[in-house]
Student: 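One structure coming up, written as structure tokens, with questions to follow.
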Amino acid sequence: MDEQRAELARIAPDLLGPAAERKIEPKGLPDLPNVQAWPKVVMRLAPFPSGPLHVGNSRMVILNDYYVRRYAGELILVFDDTIGSEDKVLEPDAYDLIPQGLDYLGVKCDRTIYKSDRLELFYKYARDLIQKSLAYVCTCNAETWRKENKAKGIPCACRNTSPEENIRRWEKMLDGTYSAKAAAVRLKTGMDLPDPALRDHVILRVSETEHPRVGSRYRVWPLLEFSWGIDDHELGISHIIRGKDLVKEGKIEELVWNMYSWKHPELIYYGRLKFEDATLSKSKSRREVKIGTYSGWDDPRTWSMQSLAKRGIDPNALKKVMLDLGLSLADISISMKAVYSENRKLKDTEAPRLFFVEFPVWLNLTRVPADVVKAEAPVHPDFPERGFREIPLTRKARKLIVGIQGTDYEHIEEGGIFRMKDFANFTLQKTPTPGALFHSREVERIREAGAPIIQWVPKEAAVPVEMTLVDGKKITGLAEPAISRIPVGTFVQFERVGFGRVFEADPSIRVAFAHK
RNA sequence: GCCCCGGUGGUGUAGUCCGGCCCAGCAUUGGGGACUUUCGCUCCCCCGACCCGGGUUCGAAUCCCGGCCGGGGCACCA
């Protein structure tokens, strides 16, 4: 290699220079294509309001927001609230839940638009396309059309009817003569297209379903590919970043743009994203929230932005992970561990430390010097200036009892030495009424022995705490008294247990577990 | 059946367009260690990858051809 390079330097030195100086693309996300062709980068978020934003949807939001900021562009929130279908149902609450999720992510939209306000616009274009014979009203049975026409690439009789006849049929769709399924508008994309998925796709159809915003004012609704074919142009969208589940729709959009000779927004797709440790199902979440098996839209099992906020997940942790995925078209499967790792880095320094014991085994302590009436533990080990939490050691009927984690009790052998963190060293007595014998106070003794240092709670002052786990299960445990002075909303660390956020203090303390 | 898209360590990603700065970088996970009165944070170390086969070339993760494997579309859903 070096020899070759030397040889090249000898025979053609000028070839080396430019190569060496060639601009290396910055690491990270690529530039947006063809930016110079647009007066301004304009992008859009187009959620279907069927529920709150969840971790899966967040990729779309984060990516679009990132690029809009990078190019100082404009971001439009467009509720893609066409009528949907039997399994894609509009959820009225989503109109509030989605903006809440955007707030959590720190995403600001320049304006908000509702697809359901724009039906007349789509009708205008539909009529125009029909008049130009670029679209037709098809009254064939959907299933037979699929089998006999689409699959075989054979046009149906409706395709060749006159524009006048088609306008008459169009009026019948609007006035209710045609009921749902009886007729639909097809775009003349071409029956001879090699890809059957694209052949004369339906762009508007009849639905009698009531809409949460506009009620039953409209009975003809556009499909995504058509409404966006129009709106991406009408709204001046320059760049579209979305999942590759929409590439077929993108192709149909392009056909619409071509029919009107409109400039094409740049289409950028990314692959499917799965989480190894999170099952994302809006319809299931919706069901469970409705019947009350989930605590609400902030239940951890929904994986909604609300649920992450409740658990104290920093939105920047999610953003970091999502941006790290880039714009690859490959389907990927990642773990929430990546988000948790970022979150720990971001929030470890702020989290006050506390002791929490889930299934306490009560130990009767003996030979603790009488002058020991409290223990002091740092609020945060790396920041002594934040002070200490006091853990009172109150005797009752001359007994001093503390609780340790059942698993710790199991793991420490009879007579084994261990340390109750920030308190003292003991030897364990696995007698019928478990106890522990005071051994010493110095932590050095434990270090030398390599013995465990565990968390504990005093029986007399322990505070009951309910903790919601990631799987929705609620466990009840006891925390040290200092937790009573922790404000609601604080991200805390239960030492040796994990991080969580106090989301309620009255009437009792409740914590949402975040991660280890 | 017809169409489309992917394939770099366990996971994700950079590099691929414009072949040599790549015996492949980064992050995370896992393992080990330092620090530490937490199984946290921080720091250090280690394990670990270009799907396969041809071809072009002085040189291929990168270009060409052929396979293999995987994902997806073919809804009057978004």
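Each chain gets a letter, A, B and so on, in the order its sequence line appears, and its residues count up from 1.
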Student: If we take the P atom in both B:G40 and B:G30, what is their distance in whole Å?
Tutor: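 Here B:G40 and B:G30 have their P atoms 10 Å from each other.
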Student: Residues two or more places apart in sequence or in another chain: which of them pass side chain to side chain donor-acceptor pair (under 3.5 Å) with A:R311?
Tutor: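 Partners of A:R311 by the side chain to side chain donor-acceptor pair (under 3.5 Å) criterion, ordered by chain and then number, come out as A:Y340.
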Student: In whole angstrom, give me the gap between the P atoms of B:G66 and B:C4.
Tutor: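 Here B:G66 and B:C4 have their P atoms 14 Å from each other.
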Student: Where do N or O atoms of nucleotides 70-72 of chain B meet protein N or O atoms at under 3.5 Å, pair by pair?
Tutor:
{"from": "B:G71", "atom 1": "O2'", "to": "A:D331", "atom 2": "OD2", "distance (Å)": "2.1"}

Student: Do A:E276 and B:U11 share a donor-acceptor pair, side chain to base, under 3.5 Å?
Tutor: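 Looking at the base of B:U11, it does not pair with any donor or acceptor on the side chain of A:E276 (distance under 3.5 Å).
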Student: When rounded to the nearest Å, what value does the distance between C1' atoms of B:G59 and B:C22 take?
Tutor: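 Their C1' atoms lie roughly 13 Å apart.
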Student: What's the closest nucleotide to the side chain of A:K181 if the choices are B:A78, B:A27, B:C76?
Tutor: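 Selected nucleotide (nearest to the side chain): B:C76.
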Student: Let's see if you can work this out: which of B:G40, B:G7, B:A27 has an atom nearest to the side-chain heavy atoms of A:E342?
Tutor: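 Closest of the options to the side chain of A:E342: B:A27.
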Student: If you count the non-hydrogen atoms of other residues, nucleotides and ligands that lie under 6.0 Å from CD in A:E385, is the total more than 12?
Tutor: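 Yes.
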Student: Please determine if A:D348 and A:R353 form a salt bridge, counting it only when a charged side-chain N lies under 4.0 Å from a carboxylate O.
Tutor: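 Salt bridge flag = yes for A:R353 with A:D348.
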Student: Whom does B:C43 pair with, Watson-Crick or G-U wobble, provided both distances fall under 3.5 Å?
Tutor: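 Pairing partner, where one exists within any strand: B:G33.
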Student: Under 4.0 Å from any atom of RNA chain B, heavy atoms only: list the residues of residues 140-151 of chain A that qualify, in numerical order.
Tutor: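 Hits under 4.0 Å, by residue number: A:C140, A:A142, A:R146, A:K150.
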Student: Using Watson-Crick or G-U wobble geometry with both distances below 3.5 Å, tell me the partner of B:C22, or none.
Tutor: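 The base-pairing partner of B:C22, which may sit in any strand shown, does not exist here.
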